[in-house]
Amino acid sequence: YGYVRAVAADPSNPDRVFAMGYQGGSFILYCTEDNGATWSSVTPSGYSGMPYDLVVDPADGQHLAAGTSSGLFHSTDGGSSWTELGGTYGTVYQLYDSPALGGLVLSTNAGVWIWESWTGTPVHYGEDPGVSAIQCVTDTQDQMLFAGTSGGAVWRSYFGTGFEDARDLALEPCGIAVSPNPVVSGSLSISFSLPGTGNATVEVFDLSGRMVSRIHN
């Protein structure tokens with residue numbers, strides 16, 4: 001099969017596996033429908049760049065996403081034709097499907113991006129660590145996203161929802177009260193007490209990890 005760069009199994013069909021490789025000067029996509037006994041191949045059109053990762057949409061076995069040195073590409077016909085999804089992320093090193101984050105997590109040259117529901121345009125997630133994000137994974141409770149980087153250590157971002165979960169992450173015991181909780185409309189009141197004298201900052205983040213307001217500093 002030449003030089004195989006990425007392999008992806010179809011979550012909806014364990015007998016279907018895709019393998020993207022480089023052979024004879026061209027990128028070729030192989031597919032098996034019988035768990036590897038036989039393989040078919042296509043030369044994908046509209047595709048470019050060295051492949052780094054390949055993922056099959058859990059909801060559609062014909063929908064594939066590929067992270068390459070040229071960006072993010074996807075195919076809706078099982079890999080025969082591909083379309084590039086625009087973005088300023090450069091190389092896409094890893095693709096990680098996260099139901100907790102509602103889509104595909106992209107580890108890229110320009111930080112972490114989310115392709116929500118495998119549709120539309122990927123959006124930038126949280127802060128850019130300033131170094132390439134090589135691999136991402138969530139914790140077992142689906143509250144933290146960890147990003148391994150190129151030369152910049154490991155970064156984490158809290159994306160759990162609810163006041164109770166956020167309070168559990170405090171390094172020191174403190175009293176926090178939010179009223180009403182949950183907030184349906186209108187305004188809310190936040191009060192807190194610290195275990196000792198010191199400065200405090202209260203910030204509000206949206207579900208993608210972006211800070212939307214700093215209400216106390």
Side-chain angles (χ1 to χ4, degrees), residues 1-87 89-109 112-123 125 133-148 159 207-208:
Y1 304 113
Y3 187 16
V4 176
R5 294 281 307 186
V7 177
D10 181 356
S12 64
N13 181 0
D15 289 333
R16 180 187 293 125
V17 179
F18 296 90
M20 178 75 82
Y22 185 79
Q23 181 177 346
S26 301
F27 290 109
I28 299 178
L29 180 69
Y30 289 88
C31 178
T32 176
E33 301 281 352
D34 52 16
N35 202 21
T38 59
W39 293 80
S40 60
S41 65
V42 296
T43 300
S45 64
Y47 174 92
S48 68
M50 182 66 72
Y52 281 96
D53 203 3
L54 187 67
V55 181
V56 182
D57 186 344
D60 182 356
Q62 294 298 306
H63 190 194
L64 282 67
T68 82
S69 58
S70 298
L72 176 66
F73 293 78
H74 81 122
S75 170
T76 58
D77 58 8
S80 296
S81 59
W82 294 78
T83 302
E84 182 177 6
L85 289 166
Y89 28 72
T91 298
V92 178
Y93 293 103
Q94 186 226 18
L95 302 173
Y96 172 64
D97 186 67
S98 172
L101 285 166
L104 200 61
V105 181
L106 284 60
S107 302
T108 80
N109 270 343
V112 179
W113 296 65
I114 305 291
W115 191 25
E116 297 176 349
S117 302
W118 289 62
T119 60
T121 303
V123 295
Y125 177 88
I134 304 299
Q135 188 173 19
C136 287
V137 67
T138 56
D139 70 340
T140 56
Q141 295 180 333
D142 285 334
Q143 293 186 347
M144 283 283 190
L145 179 68
F146 290 86
F159 64 86
L207 293 182
S208 69

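Just so it is clear, the model here is predicted, and its values are computed rather than measured.
Of all heavy-atom pairs between Gly120 and Leu85, the closest is O-CD2, 3.9 Å. Pairing each heavy atom of Leu54 with each of Ala19, the nearest pair is CD2-N, 4.5 Å. Shown here for Ile28 and Tyr30, the closest heavy-atom pair between the two residues is CG2-CE1, 3.7 Å. Closest approach of Gly79 and Pro44 over heavy atoms only: O-CB, 3.5 Å. When all heavy atoms are compared, the tightest approach of Ala147 to Cys136 is CB-SG, 3.8 Å. Taking both residues in full, the closest heavy atoms of Tyr89 and Pro122 are given as OH-CG, 3.9 Å, listed atom of the first, atom of the second, then distance.
Taken to the nearest 0.5 Å, the CG atom of Asp57 stands 7.0 Å off from the CG atom of Asp97. Rounded to the nearest 0.5 Å, atoms CG (Asn13) and CG (Asn35) are 9.5 Å apart. Distance check: Thr121 OG1 to Ile114 CD1 gives 14.0 Å after rounding to the nearest 0.5 Å. With rounding to the nearest 0.5 Å, the separation of CE in Met20 from OG1 in Thr68 is 9.0 Å. Distance check, rounded to the nearest 0.5 Å: CD of Gln143 to OG1 of Thr138 gives 10.5 Å.
A heavy-atom distance below 4.5 Å is not found between the side chains of Tyr96 and Val55. Counting heavy atoms from C-beta on, the side chains of Ser69 and Thr91 come closer than 4.5 Å. In this structure the side chain of Val92 never reaches within 4.5 angstrom of the side chain of Asp53, judged on heavy atoms. Using a 4.5 Å heavy-atom threshold, the side chains of Val105 and Tyr125 count as separate. Put simply, the side chain of Leu95 reaches to within 4.5 Å of the side chain of Leu106, judged on heavy atoms. For the pair Val56/Pro11, a side-chain contact is recorded, criterion being any heavy-atom separation below 4.5 Å from C-beta on.
Within the structure, no pair that satisfies the salt bridge (charged side-chain N to carboxylate O under 4.0 Å, His left out) test touches residues 59-79, not counting sequence neighbours. Applying the salt bridge (charged side-chain N to carboxylate O under 4.0 Å, His left out) test to pairs two or more places apart or on separate chains, those with a residue in residues 32-49 are Arg16-Glu33.
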Run the side-chain contact (heavy atoms from CB on, under 4.5 Å) check on Met50 and Phe27 step by step: do they pass?
CA-CA 8 Å; Met50 182 66 72; Phe27 290 109; 4.0 Å; yes
I would like to know whether His63 and Thr76 meet side-chain contact (heavy atoms from CB on, under 4.5 Å); could you show each step before the answer?
CA-CA 4 Å; His63 190 194; Thr76 58; 4.1 Å; yes
Test ring pair (Phe, Tyr, Trp, His ring centres under 6.0 Å) on His74 and Trp118 and set out the steps.
CA-CA 9 Å; His74 81 122; Trp118 289 62; 8.6 Å; no
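Formation of a donor-acceptor pair under 3.5 Å by the Thr32 side chain with backbone atoms of Trp39 is not found in this model.
The only member of Trp115, Tyr52, Trp82, Tyr47 that meets ring-ring contact (aromatic ring centres under 6.0 Å, His included) when paired with Phe73 is Tyr47.
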